[in-house]
Structures are given as structure tokens and as C-alpha cells.
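Throughout, a chain's letter reflects where its sequence line sits, starting with A, and its residues are numbered from 1. Only this structure's heavy atoms are used, side chains among them; waters, hydrogens and symmetry mates stay out.
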Protein chains: 4
Amino acid sequence: MSGDITTSRDADQTRQNILEVALKEFSEYGLTGARVDRIAKGTRTTKGMIYYHFGDKDGLYKAVLEEIYPKLRKSEEKLDKSNLSPIEELEKIIDFTFEYHKNNENFVRMVMIENINNGETLRKTDVDTGVSQNILMELSSILIRGQKEKVFNRNISPIDLHLLYTSFCFYRVSNHHTVSTVLGMNMLSSSNSIRHKRLVKDVIIAYLLSSEP
Amino acid sequence: MSGDITTSRDADQTRQNILEVALKEFSEYGLTGARVDRIAKGTRTTKGMIYYHFGDKDGLYKAVLEEIYPKLRKSEEKLDKSNLSPIEELEKIIDFTFEYHKNNENFVRMVMIENINNGETLRKTDVDTGVSQNILMELSSILIRGQKEKVFNRNISPIDLHLLYTSFCFYRVSNHHTVSTVLGMNMLSSSNSIRHKRLVKDVIIAYLLSSEP
Amino acid sequence: MSGDITTSRDADQTRQNILEVALKEFSEYGLTGARVDRIAKGTRTTKGMIYYHFGDKDGLYKAVLEEIYPKLRKSEEKLDKSNLSPIEELEKIIDFTFEYHKNNENFVRMVMIENINNGETLRKTDVDTGVSQNILMELSSILIRGQKEKVFNRNISPIDLHLLYTSFCFYRVSNHHTVSTVLGMNMLSSSNSIRHKRLVKDVIIAYLLSSEP
Amino acid sequence: MSGDITTSRDADQTRQNILEVALKEFSEYGLTGARVDRIAKGTRTTKGMIYYHFGDKDGLYKAVLEEIYPKLRKSEEKLDKSNLSPIEELEKIIDFTFEYHKNNENFVRMVMIENINNGETLRKTDVDTGVSQNILMELSSILIRGQKEKVFNRNISPIDLHLLYTSFCFYRVSNHHTVSTVLGMNMLSSSNSIRHKRLVKDVIIAYLLSSEP
DNA sequence: GATGAATGAGGCTTCATTCAT
DNA sequence: GATGAATGAAGCCTCATTCAT
């Protein structure tokens with residue numbers, strides 16, 4: 001019967017609606033600061049439904065967390081990287097990473113919050129090393145091509161390369177409040193963003209091009 | 001008589017005792033997750049004293065926050081940087097920064113927590129751009145010397161230079177739970193720490209040495 | 001189904017139950033002296049429900065206050081005053097006022113308490129001059145009739161007339177503890193009550209009958 | 001030695017200073033609403049002194065209460081009532097009472113507060129029926145003279161006479177917040193005060209002059 | 001007598017969760 | 001599935017009072 005289908009479609013919509021509101025709430029207030037009541041009010045449904053679908057507050061938090069990494073990776077994989085040189089491909093990836101963090105502060109904040117939470121929930125999650133295999137393999141391939149072509153002269157692991165640019169892209173967004181205050185600037189101003197986007201690529205490329213000492 | 005001194009010393013000791021315990025509590029659980037009762041139990045005194053000395057939970061959080069930046073900068077200024085080349089001096093600063101973040105996860109977590117708090121408390125604080133002037137001026141002097149000596153060929157502001165190495169040093173610690181989980185590694189293992197400490201310096205030096213395109 | 005009705009009836013019963021207990025508590029101990037815990041224990045429900053229905057202690061106090069004036073005025077309006085002379089009608093009103101204050105010490109105490117509170121809560125309330133329009137209009141009509149019939153020879157406003165008898169009826173109850181102590185009597189003894197009830201009417205009638213000097 | 005004298009003079013000044021501040025605090029916030037800390041801050045001395053001189057908060061409240069009645073009666077006795085007719089003397093007393101309540105809202109509020117407190121503290125106090133004997137005797141003498149002179153035709157006790165005018169004078173001040181709100185007026189406006197001062201005297205004189213029915 | 005610091009009981013309020021309909 | 005009402009543990013904070021110097 002279509003009854004069940006319709007019902008489950010509704011249920012899915014309800015779940016999605018709750019998840020969206022919960023992402024906003026958790027990323028704004030943190031795990032302990034988030035309020036189930038506030039989430040419920042923000043949705044089209046009621047508190048009871050949250051408990052029905054997600055068990056408890058931690059279950060909801062877990063569900064929110066489970067969604068954000070695959071979402072990032074899926075966007076990443078949509079990039080068209082055909083016919084690019086290693087440098088061009090790497091720049092494209094860094095550009096994407098830069099923009100994604102800049103445009104998804106919610107994602108950045110959720111990751112911070114989960115680290116404050118000592119990563120306990122993420123570890124209980126289906127999100128495993130699998131989600132990052134693609135990007136690591138791609139970085140690996142870029143590095144190999146660059147080394148083969150004698151463009152890259154450094155020996156660096158894909159993971160370290162990934163950390164190098166991600167840390168900068170992440171930090172700019174995650175720490176913009178304190179950095180802006182302490183350094184007396186607006187870290188996310190348009191001019192800073194433009195310059196930083198160029199900078200992170202230049203630094204990494206300069207490193208890869210440079211010779212081992 | 002030493003009465004006054006003793007009295008005020010006691011108060012100071014009480015304050016310091018509370019602040020130490022509070023730093024641990026806040027950095028472990030966050031602003032909303034911290035429990036005043038738990039802090040009180042950890043001290044040599046009672047809950048009432050927390051309110052007597054700091055007004056309320058937010059006041060205590062603010063007091064904790066007010067201490068961490070000056071503490072970092074004071075350590076930084078203790079470095080002996082006499083008779084060093086620009087590269088050597090920069091490496092010394094980056095080493096210090098790397099070690100400080102590695103050894104003071106509490107500091108890193110407090111900064112994260114304050115960013116989750118949108119920097120609201122830090123802005124109400126005496127901690128202003130002053131605390132960072134010394135390090136920025138030192139970086140500036142290094143850059144100028146390096147350029148004069150034709151060792152550095154890049155034009156970069158002290159602030160951007162500072163962000164480059166700090167972001168990496170910070171992120172390694174702040175995000176180690178999620179990164180270790182997602183990338184299937186132990187970011188803070190001794191071997192990773194050694195390699196990363198070398199890496200961040202190499203990358204930045206390589207950039208500064210390289211020519212503008 | 002009667003589900004909705006029953007549900008809302010339950011909520012109403014809970015609210016009413018809380019309000020009754022709260023009136024006793026507030027009138028006995030004052031706004032600051034009242035204890036939410038004691039109120040909760042007196043009800044059929046729990047402390048949480050007080051906050052659920054009334055927001056906070058002040059909200060509960062406001063709700064209690066909002067009920068007492070309309071209750072008085074509604075009782076007042078139930079009086080049958082058909083076919084009475086101006087004097088008879090006025091005496092009926094004064095008798096009612098006298099008895100109402102005597103029998104509702106809670107009301108008297110709430111009004112005292114709100115005056116100690118500088119009337120701040122009452123002013124935030126829906127209770128406005130409307131609630132007293134009926135009684136003032138009735139007094140006005142009595143005065144006009146009495147003057148037309150050449151029975152009353154004094155020119156007095158309905159408000160002043162109202163104050164004259166109300167002040168006495170109120171004060172007898174509001175101040176009975178101190179007055180009884182200081183004057184060495186029992187202000188609320190039956191014989192005093194009987195005599196005072198006669199006295200307040202006699203005084204006012206004597207005034208209205210007397211000629212302007 | 002003058003040392004002791006000076007000391008006790010200082011002590012007296014300290015006590016008086018505390019009592020003045022406490023009167024303001026208690027009359028503003030009530031017994032339970034008053035704060036010992038706030039009182040201490042308002043004085044020239046410290047909290048310890050309050051406990052030293054008055055034992056505890058209730059002791060201080062009692063001391064404040066003990067002062068207000070004798071103060072009123074002492075002012076009352078200063079009136080020069082020589083060569084006055086009974087009516088003139090009575091008017092003088094009512095005028096005094098009216099003005100005293102109008103000018104000493106603190107007194108009025110303390111009395112209200114003590115009634116909210118069920119007069120418990122006053123009863124434990126030295127303030128007894130003695131303090132009011134003089135005024136009652138004076139009223140008695142007025143009534144007797146008025147009756148002898150065939151000016152007063154009513155048989156009323158001094159106590160009831162006292163209640164009649166005091167209730168009005170008290171109520172005007174004690175209830176001005178709620179009455180002004182509910183009746184839509186400003187009870188303590190200058191024009192109302194002038195008219196009420198005339199009114200209360202006229203009403204009582206009219207009664208005394210009128211014949212028993 | 002004077003003072004700042006300390007105490008601890010108890011006050012107000014919140015909030016995740018469950019229940020009845 | 002949906003909803004308002006209810007629960008109770010636990011959170012933050014206040015305040016009369018006492019102590020040490």
C-alpha cells in the first residue's frame with residue numbers, strides 16, 4: 001500500500017526537519033548548551049517526536065554528527081578534476097576546502113564541539129576512516145604524479161599534506177572570534193579571505209616545489 | 001602587623017586555587033558543561049567562595065579566560081633570541097608555539113570553547129590586542145631582517161605569518177580526536193609530533209625563501 | 001473525543017490548585033517571604049509545574065494578584081439593590097465592603113504586600129481602572145439621587161466616598177495586629193466588629209446629611 | 001576617664017547610624033526582603049557590628065520597630081493645644097496625624113510590614129499600650145468637654161475616634177500604589193492631599209455634631 | 001571594636017525525559 | 001504518530017551568620 005510509503009516519507013521528512021534544526025542548535029550552543037525544547041520549537045513537530053526518532057539528546061547529536069562528514073566528502077567528490085596538472089588539481093582541492101569551511105561554519109563548529117566532547121560520539125558512529133579514503137587517495141596520486149614529473153621535490157604523506165591545508169582553512173573559521181579580537185582585525189573580511197585563499201596554496205606549492213635540504 | 005598581608009594572601013590563594021580547578025573544569029566540559037558544584041568540590045573551599053570572589057559562573061569563566069593569553073605571551077617572551085639569524089629566530093618561535101600547544105591542551109580547549117561562545121566573553125575582557133603586540137613586532141623584525149639580507153623573498157604580513165604556523169600548531173591539538181578517528185591515526189603520537197614539528201617549520205621557511213611568482 | 005477537554009481541564013485544575021495554595025502562601029509570608037517549595041508541597045503537583053504554568057515566582061505572584069480584584073468586584077455586583085433609597089443602598093455597599101474585608105484577610109494582606117512592592121506588579125497587570133468603574137458609577141448614582149432628593153447636602157466625589165469607607169474597613173483588618181497590641185484591645189473581636197460596622201455607616205451618613213458649613 | 005564615655009558615645013552613634021539605614025532598608029523591602037549586606041554597605045561600619053550590636057537580623061528589625069512608635073507619640077505630644085475648643089483641638093490632632101503619615105511613609109510601611117509579620121515582633125517589644133495612653137486620654141478629654149458643652153452629641157470611645165481618623169490617614173499612604181492604579185488617580189497628589197485633609201476632619205466633626213438617631 | 005573571608009543551608013530555576021490521551 | 005502536561009534530579013545562586021586576624 002502507498003500508505004506505508006507515504007507514512008515513511010513523512011517520517012523521513014520529519015527526521016530531516018529535526019536534523020536541520022538540531023544542527024543549527026548544536027552548532028550554535030554546543031552539546032551541553034543545546035536545548036531539546038528549543039530544537040522542538042524550531043521544528044514542524046514536537047518534542048515527543050525527537051525522542052521517538054532519536055531516543056535521546058545524545059542520539060540526536062550523534063545523528064547530526066553522522067551527517068556532516070559524508071556531506072563534506074560528497075561535495076568534494078563532485079569536483080571535476082580531469083585534465084589537470086598535479087599543481088592545478090591540488091589547488092582545486094585546496095580552493096574547495098577553503099570555500100567549504102568558509103561557507104559552512106556549522107560544520108566547523110560541530111567538529112570543534114565534538115573535539116570538546118573528546119570525539120566520544122564520533123567514535124561510536126559509522127563514520128570511519130572510509131569517508132576519507134577517497135581524498136587521501138587523490139592526494140596520494142597527485143603527489144606521485146608530481147614527483148614523477150619532477151615538479152614536486154618533497155616527500156610528504158597524503159595525510160600530512162591534508163593536515164597542512166585543512167588546519168589553516170579550519171582555523172581561520174573556527175578561531176575567528178578570538179583571533180579577530182586578539183590581533184585586532186576581522187579575520188573573515190573579504191580582503192583577508194581572498195589573500196588567505198591565495199596564501200595557503202602558495203605556501204604548500206612552494207614547499208612541494210622546494211628541494212629537501 | 002602581617003595581618004593584612006596574610007589575610008589578602010589567603011584570599012589570593014583561595015582565588016588561585018579556584019582558578020586552577022576552574023580551568024580544568026571549563027576546559028574539560030566547556031562553559032555550559034562545567035559544573036560549579038564540581039569545581040567547588042575540587043577546591044579547598046566552598047561554592048559560596050566562588051560566588052564571593054567571582055560573582056557568578058560567567059565571572060569565573062571570564063577570570064579563567066583572562067589568565068590564559070597573558071600566560072602564553074609571558075612564556076613566549078622568555079625565549080632567548082640573541083645572536084640568531086632570521087631563520088633561526090623564526091624556527092625558535094615556531095618550536096615554542098608548537099610545544100606550547102602540545103603541552104597545554106587546556107589552553108587550546110579554552111580557546112575553542114570561547115570561540116563556540118562566539119568570543120563574547122573575551123571581548124568583555126582586558127585581554128586586548130596589546131598582549132600580541134610583542135610577538136607581532138618580533139615577527140615583523142624577523143621579516144625585515146630576512147628581506148634586507150635577501151634571504152626571504154616573499155612579502156607577507158606578520159599577522160599572516162603568525163596565522164600560518166599557529167593554525168597548524170593549534171589544529172593538531174584542538175582537532176586530534178576527530179582527525180585521529182577519521183584519518184585512522186594517532187595525531188599526537190610521538191612520531192607524528194616530531195615529524196609535524198619539523199614539517200611546519202620547513203613549509204614556512206620554504207615559502208619565505210621561494211620567489212614571488 | 002473528550003480528550004482535549006479533559007486535558008485542558010486537568011491543566012486548569014492544576015493551575016487553580018497552584019493559585020489557591022499560592023494565595024495562601026503569598027498572603028501569609030509576602031512576596032519575598034513566600035517559598036516556592038512550600039507552595040509546591042501544598043499542591044497536588046510539583047515545583048516544575050509552577051514554572052511550567054507561571055514562568056517564575058513573580059509570574060505566579062502576578063497571577064495571584066490578577067485574581068483578587070475581579071473576585072471582589074464580582075461579589076460586589078451580585079448585591080441586589082433594587083428599590084432601595086440612596087441611604088439604604090449606600091449602607092448595603094458599606095456593609096458588603098466591611099464584611100468582605102473581614103472575611104477575606106488574604107485579600108487584604110495581598111493588597112498590603114503589593115503596596116510594599118510599590119504596586120509594581122499590579123501595574124504590569126490587566127487589572128486596570130475598568131474593574132472599579134461599576135462601583136464608582138454606582139456611588140455616583142447614589143450621590144446624585146441623594147442630592148436630588150435633598151437628603152444629601154454634601155458635595156463629595158464618588159472616589160472620595162469610596163476611600164472613606166474602604167480605608168476604615170481595610171485598616172481594621174490590615175492593622176489589627178499592631179493596633180490590638182498598641183491600643184490594648186482585640187480589634188477583630190465580635191463586639192468591636194459589630195460596633196465598627198455600625199460606626200462607619202453612621203459617620204458617613206452623618207457627613208452626607210450634614211450641611212456644608 | 002573620658003575614654004569610656006567617648007567609646008559609648010561612638011557606640012551610640014554606630015547604633016544610630018545602623019538603625020537609620022536599617023529603617024530605610026526594612027521599610028523599603030520588608031522583613032524578609034531586607035538584606036543585611038545592603039544595610040551594612042549603607043552604614044559607616046561593617047556587618048560584624050550589626051551582629052555585635054543587635055544579635056541578628058530579627059534583633060535589628062525589633063530595634064527599628066521599637067523606635068517608631070515612641071517617635072510618633074513624642075511628636076504628637078509636642079503640639080501646643082492650649083486654649084483650644086474641643087473641635088479645634090481635635091482638628092489639630094487630626095491635622096498632625098494626617099501630616100505625620102504623609103511625611104513618614106517609612107513609618108507607615110514599617111507598620112504594614114509588622115502586620116504582615118502578624119505583629120509577632122511588636123508583641124515581644126517594650127512598646128506597649130503605654131505609648132498610646134496620652135493620646136487616648138487627650139481624645140477622651142476632648143470628647144468629654146465637647147459633650148459637656150453640648151457641642152458633641154455622639155457617644156464614641158476615644159479608641160474608635162482614634163481609629164476613624166487614623167485609618168484614613170494611614171490608608172491614604174499605605175495603599176497609595178494600588179489605589180492610584182485601580183482608581184486611575186494619584187492619591188498623593190497635592191490637590192488630593194489638601195482635599196483629603198479637609199475631608200477627614202469634616203467627616204468626623206459632622207459625625208460628632210450630629211445627633212444619635 | 002573592625003574587617004574581609006568563609007560557611008552552609010536553602011532558595012529559585014532549568015531541563016532531559018516520560019506519560020496520558 | 002502527535003501533543004500538552006507532568007516529573008524529578010540537578011543546576012545556579014543567595015544570604016544570614018560566623019570566624020580569624
Side-chain angles (χ1 to χ4, degrees), chain A residues 7-8 10-11 14 32-40 44-53 55-58 60, chain B residues 1-15 32-40 44-60, chain C residues 1-15 32-40 44-60, chain D residues 7 10-11 14 32-40 44-53 55-60:
Chain A
T7 298
S8 69
D10 287 353
T14 300
T32 47
R35 294 292 167 255
V36 176
D37 270 314
R38 218 156 33 199
I39 293 172
R44 272 179 249 107
T45 175
T46 59
K47 219 173 4 166
M49 282 303 92
I50 292 175
Y51 285 91
Y52 178 82
H53 283 294
D56 59 13
K57 190 187 179 184
D58 285 344
L60 178 56
Chain B
M1 295 259 283
S2 64
D4 287 346
I5 294 168
T6 308
T7 297
S8 68
R9 185 180 290 146
D10 286 347
D12 269 7
Q13 279 177 6
T14 301
R15 277 183 62 99
T32 48
R35 294 292 166 254
V36 176
D37 271 312
R38 216 156 36 198
I39 293 173
R44 269 177 255 111
T45 176
T46 59
K47 221 182 348 174
M49 276 302 94
I50 293 176
Y51 290 92
Y52 180 77
H53 285 292
F54 300 99
D56 58 13
K57 189 187 182 184
D58 285 345
L60 177 55
Chain C
M1 294 260 282
S2 65
D4 288 346
I5 294 169
T6 307
T7 297
S8 68
R9 186 179 289 148
D10 286 349
D12 269 8
Q13 279 177 5
T14 301
R15 277 184 63 100
T32 48
R35 294 291 167 255
V36 176
D37 271 311
R38 217 156 35 198
I39 293 172
R44 267 176 257 111
T45 175
T46 60
K47 224 180 347 173
M49 274 302 94
I50 293 175
Y51 289 90
Y52 180 76
H53 285 292
F54 300 99
D56 58 13
K57 190 187 181 183
D58 284 345
L60 177 56
Chain D
T7 299
D10 288 354
T14 300
T32 48
R35 295 291 168 256
V36 176
D37 271 313
R38 217 156 34 197
I39 293 171
R44 273 178 249 108
T45 176
T46 60
K47 218 172 6 165
M49 282 304 94
I50 293 175
Y51 285 90
Y52 178 80
H53 283 294
D56 59 12
K57 190 189 182 184
D58 284 344
L60 178 56

> Mind checking the P distance from F:dT21 to E:dG1? Whole angstroms is fine.
Replying inline: 22 Å
> Between B:I50 (CD1) and E:dA5 (P), how many Å, whole number?
Replying inline: 16 Å
> Taking C-beta and beyond as the side chain, do D:R44 and D:T14 meet within less than 4.5 Å on heavy atoms?
Replying inline: no
> Roughly how far, to the nearest 0.5 Å, is the OG1 atom of B:T32 from the CZ atom of A:R35?
Replying inline: 7.0 Å
>> In whole Å, I'd like the distance from the CZ atom of B:R44 to the C1' atom of E:dT7.
In response: 17 Å
> Would one find a side-chain N or O of B:H53 under 4.0 angstrom from OP1 or OP2 of E:dG4?
Replying inline: no
>> Let's see if you can work this out: which of E:dA6, F:dA2, F:dT7 has an atom nearest to the side-chain heavy atoms of A:M49?
In response: F:dA2
> If you check the A:T45 side chain, which of F:dA2, E:dA2, F:dT17 turns out closest?
Replying inline: F:dA2
>> With a 4.0 Å limit, can you tell me whether C:T46 has a side-chain N or O closer than that to the phosphate oxygens OP1/OP2 of F:dG8?
In response: no
> Just how far, in rounded Å, is P of E:dT3 from OH of B:Y52?
Replying inline: 13 Å
>> For DNA chain F, please output the secondary structure as dot-bracket, reading 5' to 3'. Pairs are Watson-Crick or G-U wobble, both atom distances under 3.5 Å; mark crossing pairs with [ ], other-strand partners with |, unpaired with a dot.
In response: .||||||||||||||||||||
> Just wondering, do B:R15 and B:F54 contact through their side chains at under 4.5 Å, heavy atoms?
Replying inline: yes
>> If I take atom CD1 from residue B:I50 and atom CG from residue B:D56, how far apart are they, to the nearest 0.5 angstrom?
In response: 11.5 Å
> Phosphate oxygens OP1/OP2 of F:dC13: is one of them under 4.0 Å from a side-chain N or O of B:Y51?
Replying inline: yes
> In whole angstroms, how far is the P atom of F:dC12 from the CG atom of B:L60?
Replying inline: 11 Å
> Can you check the B:I39 CD1 to F:dC13 C1' distance for me, whole Å?
Replying inline: 14 Å
> Got a donor-acceptor contact below 3.5 angstrom from the B:K57 side chain to the B:A34 backbone?
Replying inline: yes
> What is the distance, rounded to the nearest whole Å, between atom CG of A:D56 and atom C1' of E:dT17?
Replying inline: 9 Å
Table of protein N/O atoms under 3.5 Å from nucleotides 9-11 of chain F N/O atoms:
none

>> Is any side-chain heavy atom of C:Y51 closer than 4.5 Å to one of C:V36?
In response: yes
> Is the phosphate of F:dA6, meaning OP1 or OP2, less than 4.0 Å from a side-chain N or O of C:T14?
Replying inline: yes
>> If you compare all heavy atoms of D:G33 against all heavy atoms of D:R38, which two are closest, and at what distance to 0.1 Å?
In response: O-NH2, 3.3 Å
